Amino acid sequence: MGEVIVKYYNNRIFADISLKKYLFGFGKEKGKVIELNPYECFYIIKKRKGILEFEKRKIKDILEIIKILKIDLVIYRVFEDLRDRGYFIKIYKNKYIIVYEKGTDIERYLCYPIHERHIIESKEINYLLELCKKLHIELLIAVVDIEGDVTYYKIKELRI
Amino acid sequence: MKGVLVGRNVILENGEIIDILIALRDMKENKIEKITIGNKEYKYEDLLEFLKNNMKNIYEEYFIFDKLISKGYYTGAGFKFGALFRVYDKFDDPNKTHSKWILYILKGSISAGDLSSKIRVAHSTKKKLILYLDNKFLEVSWVKL
């Protein structure tokens, strides 16, 4: 494997299609390139020790890449944890993660990543439950603790 | 039968002392006719109206308590689990089985840490957690992915 280079240009992120087998199944094919979202890009760069090409510079520094891609580290930690566990996932509305049934293209959960110090407002829960109802999937809260471990909780409405 | 409300206890004519929640259920089932608060006697519907305007916490507790029991879920004190109620599965006999859920009311917000500790209490006692929020009963459980 040569260098994995991902390019950030005009707010879009691309990798050459020749790198497809190194991209963990992420992205959408568009002709000769695969388009990625920021979290997919960051995951690939981290795991493959890759490079981000931005404004004609080749960047390896993780902190700079985080700033350029505007990565929320709580969301990323959950994204990484789920992918490392073998789940196919996608970012939804830039703050949630859709989790698919393992080995299928069936959506199973809407995952809401939060830090252990986060205060969950009741209106947040109401909003998320409505969203899950609309998407016909279940709600998962993913809590990232200060050691980076992720704990998952499912919330479902009981029919009493 | 009549009773007098003192704090959240109802002292009945026969000397028995019961919690207001139990007394309200007994009123609904016509076992208690009236409860006195101060100088005034209240029948069931009027007492609910009084509680709604003057003792909102108790009103909300009773709303939940009554809804669960009416649907066949025996509901008891949740104190030993640090919860509002313990709830048995539908039509289960509390003398023969353990409760299935512990219930808390979610008001305004909850910290992730607080949520975690409530779930831990439920899980360690082989129960599940219910958070009551805006007329919804939300079952919250730890998931191993």
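Below, each value reflects all heavy atoms present in this structure, side chains not excepted, and no hydrogens, waters or symmetry copies. All values reported here derive from a predicted model rather than from experimental measurement. Letters A, B, ... are given to chains in the order of the sequence lines, protein chains preceding strands, and every chain is numbered from 1.
Counting heavy-atom pairs closer than 4.5 Å to chain A, the top-ranked of the candidates L106(B), L115(B), V143(B) is V143(B). If you tally non-hydrogen atom pairs under 4.5 Å between each of E139(B), K107(B), K136(B), K71(B) and chain A, the highest count goes to E139(B). Ranked by non-hydrogen atom pairs under 4.5 Å with chain B, the options D81(A), N126(A), L82(A) are led by N126(A).
At a 4.5 Å heavy-atom cutoff, the contact between I119(B) and chain A is made by side-chain atoms alone. Proximity to chain A is absent for every atom of L129(B), based on heavy atoms less than 4.5 angstrom apart. Heavy-atom distances place no part of L139(A) under 4.5 Å from chain B, backbone and side chain included. Of the atoms belonging to I114(A), it is side-chain heavy atoms, and not backbone ones, that fall under 4.5 Å from chain B. Interface remark: S70(B) contributes no atoms to any contact with chain A (heavy atom separation under 4.5 Å). Proximity to chain A (any heavy atom under 4.5 Å) is shown, for L131(B), by neither the backbone nor the side chain. In this structure, chain B has a heavy atom under 4.5 Å from the side chain of L129(A), while its backbone stays farther away.
Of the possible polar contacts, one joining the S122(A) side chain to the G108(B) backbone as a donor-acceptor pair under 3.5 Å is found.
Of the candidates K102(A), R85(A), K154(A), L145(B) forms a side-chain contact (heavy atoms from CB on, under 4.5 Å) with just one, namely R85(A).
For the atom pair CD1 (I125(A)) and CG (L133(B)), the distance works out to 6.0 Å, reported to the nearest 0.5 Å. Rounding to the nearest 0.5 Å gives a distance of 8.5 Å between OG1 of T151(A) and CH2 of W142(B).
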